[in-house]
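When reading the values below, keep in mind they use all heavy atoms of this one structure, side chains included, and skip hydrogens, waters and symmetry mates.
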Amino acid sequence: MKIYTGRGDEGMTDLRDMSRVSKTSDRIEAYGTVDEANTIVGTVGPTGYDDVDQWLERIQNHLHIVQADFANPDPDDGPAVKREHVDWIENIIDEADTELDPLENFILPGGCEAGATIHHARAVTRRAERRAVGFAADQPANEEAIVYLNRLSDALFTLARLVNMREGVREDQPTY
């Protein structure tokens, strides 16, 4: 497979169905932001915690599916996020949450290197969700993929808290 094709030199790119769109389209912005989140998740590990590392690896694969899903103008054709992906994310949130003290206040993102990087991935995932909601307002989109991004940001928040707790890093609260 050749890495460069020259097809994007004029500011256009191909969707899955080979239709051409501007690289500035809302759809491209959405899956490009998912790619950014995926890249940040890839910089987290190894965390030193097998469960977290395995979850993050699976999340990266899911994000690749989200990208393929958003690159497809026909959400009923091709790779797609399904309810089972959302269910899996909800399960890891619940599992990780069992180790954590109940959240009673807002916390400042940060902590150990892995925790802070997971918080960064969470913030980018939120942006990806906003971009996806934007393009889905007037273009076909798989709603499960958007729900997945919403849940994923919650999961990443929880995983950041979990890694920080396991590392003995306290959670700082904002002052007002």
Search all heavy atoms of [X] against all heavy atoms of [Y] and return the closest pair with its distance.
X      : Y      : answer
Asp53  : Gly48  : OD2-N, 3.8 Å
Glu167 : Cys112 : CG-SG, 3.8 Å
Ala37  : Thr125 : CB-OG1, 3.6 Å
Arg131 : Ala30  : CB-CA, 3.6 Å

Atom pair [atom1] ([X]) and [atom2] ([Y]), whose distance is rounded to the nearest 0.5 Å:
X      : Y      : atom1 : atom2 : result
Leu159 : Thr47  : CG    : OG1   : 9.0 Å
Asn105 : Glu171 : CG    : CD    : 10.0 Å
Ile107 : Arg170 : CD1   : CZ    : 12.0 Å
Arg161 : Arg166 : CZ    : CZ    : 13.0 Å
Thr33  : Asn38  : OG1   : CG    : 12.5 Å
Arg126 : Arg130 : CZ    : CZ    : 8.5 Å

Can you hop from [X] to [Y] via hydrophobic side chains spaced under 4.5 Å?
X      : Y      : answer
Ile40  : Trp55  : no
Ile89  : Leu103 : no
Leu156 : Ile93  : yes
Val124 : Val34  : no
Ile118 : Leu108 : no

Quiz item: Does Asp35 use its side chain to pair, donor to acceptor, with the backbone of Tyr31 at less than 3.5 Å?
Solution: no
Quiz item: Is Asn164 reaching over with its side chain to a backbone N or O of Val169, donor-acceptor style, under 3.5 angstrom?
Solution: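 The answer is no, because no donor-acceptor pair under 3.5 Å joins these two groups.
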Quiz prompt | Flag if over 12 foreign heavy atoms under 6.0 Å of CD, Gln173 | solution =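 For Gln173, atom CD is crowded (more than 12 foreign heavy atoms under 6.0 Å).
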Practice problem: Determine whether more than 12 heavy atoms belonging to other residues, nucleotides or ligands lie under 6.0 Å from atom CD of Glu10. | Solution: no
Self-check item: Listed once per pair and sorted, the ring pair (Phe, Tyr, Trp, His ring centres under 6.0 Å) pairs that draw on residues 152-176, sequence neighbours left out
Solution: His119-Phe157
Quiz item: With a 4.5 Å limit on heavy-atom distance, are the side chains of Val44 and Val163 in contact?
Solution: no
Please output the side-chain donor-acceptor pairs of residues 134-146 that fall under 3.5 Å, not counting sequence neighbours, one pair per line with the distance.
residue: Gln139; atom: OE1; partner: Arg27; partner atom: NE; Å: 3.4
residue: Asn142; atom: OD1; partner: Glu144; partner atom: N; Å: 2.9
residue: Asn142; atom: ND2; partner: Asp69; partner atom: OD2; Å: 2.7
residue: Asn142; atom: ND2; partner: Val81; partner atom: O; Å: 2.8

Self-check item: Stepwise side-chain contact (heavy atoms from CB on, under 4.5 Å) test for Tyr148 and Ile59
Solution: CA-CA 10 Å; Tyr148 179 85; Ile59 285 166; 4.2 Å; yes
Quiz item: Quick one: side-chain hydrogen bond (donor to acceptor under 3.5 Å, both in side chains) pairs with a partner in residues 87-97, sequence neighbours left out?
Solution: Arg83-Asp87, Arg83-Glu90, Glu90-Arg151
